[in-house]
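Have a look at the structure below before the remarks.
Letters A, B, ... mirror the listed sequences (proteins, then strands); counts begin at 1.
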2 protein chains.
Amino acid sequence: MEAGTGRLDVPAVVAASLAIADADGLENLSMRRLASRLSVTPMAIYHHVRDKGELLDLMADESLRALPPLVASAPWDSALEDLFLGFHRLYLAHPALAQIMTQRPLEGPHAIAVGEQVLTVLSAAGIDDDTAASAFISIVNYTIGASLYRTSRSSSRLPERRRFGRISAADAPRAHGLRQTMAALAVDEGQFLDGLRRLLASYRMDAAAAPARPTTARAPAG
Amino acid sequence: MEAGTGRLDVPAVVAASLAIADADGLENLSMRRLASRLSVTPMAIYHHVRDKGELLDLMADESLRALPPLVASAPWDSALEDLFLGFHRLYLAHPALAQIMTQRPLEGPHAIAVGEQVLTVLSAAGIDDDTAASAFISIVNYTIGASLYRTSRSSSRLPERRRFGRISAADAPRAHGLRQTMAALAVDEGQFLDGLRRLLASYRMDAAAAPARPTTARAPAG
DNA sequence: ACCTGAACACCGTTCAAGT
DNA sequence: ACCTGAACACCGTTCAAGT
């Protein structure tokens, strides 16, 4: 498959990797499967990528290109809400990316560019540097956790439960009664948004407490 | 190793699995490694556990035994803060557990018991059922995301970065200036607590808006 | 520079057999 | 019931060789 192009390059390798991970899950992405999809010998890939780990880094960073850019004209909190909703949607579309982020710190150029944008917006809102750094980390963590939660419960990837029976009304009446509510929330974008908004509202109070700053935004101050 | 006991059982298998995952990472936990640590043939394990997936489920649920129980006498928000701090510490001590939770929905008996406790506490605080379910999910998601963040950055498991250079002052002045701050926050329990408290504070407002309820809260008591 | 082929040290799991 | 042994269809990666 994918034949014809003749020559292999990094973008083609990354694209094929994402396609395999989307179709069959990250656990089924192997260098050998990838090679056969590219009609090439496994070792050919090693000429473009040092090892599988580097391939995963490239997948995670490269896919951030698809993120809708932050809208600078909007209020800072709704701009951030949109940005992280974009993250969440990206991770739902490509569950492998969220998984990769939990195993390898993402430090590629696109990831750093997004981080820079977020920190700039928080700073312009009047939030001090330390709080901004902390806010960035907490919001990213929440977003990744919520995305993993939804993808791990998406019908297509559920492992068949065997050992454990269903949740019983006798042992856990509340959890039992809320079973269907929780199942619905697990596939609901509104559930993600609710938590995100609660975090943003909390940082809004930090912003209000600080003196508003002009958005000139010159770097780490000289 | 681990010889002498003569007979294999599920607790021994689970304990050995955790020991391997703690020492060498979940990615190095294999049925064959596990078998050799138990001085047994790989196939012997399959007599106690259906497959590797079930083994992972058992590891994740069984380890929840170590969680400090929720202190019912404390105010609900500080009780929940303690409980989830306990989760966070458990995941830091055993990074494999947080990883497993992102791949397989945790529905074992201990997980359900913890969920029941949390829902009961939220309800007794005067939070309605739908909000309680949503709060539970968001707080768990945040906790898992934050735990994964810290473990993925723990010095012992960092993959050597190759493709991407260090973050440059020219391209990302803010991110560059905050590099050391962010690195410090990545290993700081206070960073986790800050985000957790912001979420709890938000739900405290829901509780205040609702009529307070007597803490009759039947169920797992008795 | 870019790719192939053979090989090494691993995987999870099935199936048949032993006690 | 509990365990072994051999086998199957896979892995990631090194090394030497081809063009």
Problem - Closest-nucleotide 5' rank along DNA chain D - winner of A:Asn28 and A:Arg50 - result: A:Asn28
Exercise for the section: Mind calculating the distance between CG (B:Asp51) and P (C:dG12) to the nearest angstrom? Expected result: 11 Å
Practice task
Identify which nucleotide among D:dC3, D:dT4, D:dT13 has an atom closest to any side-chain atom of B:Leu8, counting heavy atoms from C-beta outward.
Solution key: D:dC3
Exercise for the section: Provide, to the nearest angstrom, the distance between the CG atom belonging to A:Leu38 and the P atom belonging to C:dT4. Expected result: 11 Å
Handout entry: Derivation of the side-chain contact (heavy atoms from CB on, under 4.5 Å) call for B:His94 and B:Ser63
Key = CA-CA 9 Å; B:His94 307 287; B:Ser63 61; 5.5 Å; no
Exercise for the section: Could you please name the option among C:dC2, C:dG5, D:dG12 that lies closest to any side-chain atom of A:Met43? Expected result: C:dG5
Handout entry: Side-chain N,O (B:Tyr46) to OP1/OP2 (C:dT14) below 4.0 Å
Key = no
Handout entry: A:His176 side-chain N/O to A:Ile167 backbone N/O, donor-acceptor pair under 3.5 Å
Key = yes
Exercise for the section: Take the protein atom CG of A:Leu34 and the nucleotide atom P of C:dC3, then report the distance between them rounded to whole Å. Expected result: 13 Å
Problem - Reference residue B:Tyr142; test ring pair (Phe, Tyr, Trp, His ring centres under 6.0 Å); the match among B:Tyr149, B:Tyr203, B:Phe87, B:Phe192 - result: B:Phe192
Exercise for the section: Round to a whole Å and report the spacing from CD of B:Glu27 to P of C:dC10. Expected result: 16 Å
Problem - Side chain of B:Ala44 - closest among D:dC3, C:dC11, C:dG12 - result: D:dC3
Problem - Among C:dT13, D:dT13, C:dC11, the nucleotide that comes nearest once only the side chain of A:Lys52 is considered - result: D:dT13
Completion exercise
side-chain hydrogen bond (donor to acceptor under 3.5 Å, both in side chains) pairs touching residues 182-193 of chain B, sequence neighbours excluded, are A:Ser134-B:Gln191, A:Ser138-B:Gln191, B:Arg89-B:Glu189
Completion exercise
Whichever of B:Met31 and A:Arg32 has the more 5' nearest nucleotide on DNA chain C, that residue is A:Arg32
Handout entry: Which nucleotides of DNA chain C pair, in dot-bracket form (Watson-Crick or G-U under 3.5 Å, | meaning another strand)
Key = ||.|||||...|||||.||
Problem - Spacing of A:His47 atom NE2 relative to D:dA16 atom C1', expressed in whole Å - result: 14 Å
Fill in the blank from the handout: Between A:Leu29 and B:His48, whichever has its closest DNA chain D nucleotide further toward 5' is B:His48
Practice task
Report yes if the side chains of B:Arg153 and B:Val187 come closer than 4.5 Å at any heavy-atom pair, otherwise no.
Solution key: no
Practice task
Give a yes or no on whether a salt bridge exists between B:Arg163 and A:Asp61, defined as a side-chain N under 4.0 angstrom from a carboxylate O.
Solution key: no
Practice task
Would you please confirm or rule out a distance under 4.0 Å between OP1 or OP2 of D:dC3 and any side-chain N or O of B:Thr41?
Solution key: no
Practice task
Can you tell me the distance, in whole Å, between the CD1 atom of B:Ile45 and the P atom of D:dA1?
Solution key: 20 Å
Practice task
Measure from the side-chain N and O atoms of A:Ser30 to the backbone N and O of A:Arg33, and report whether any donor-acceptor pair falls under 3.5 Å.
Solution key: yes
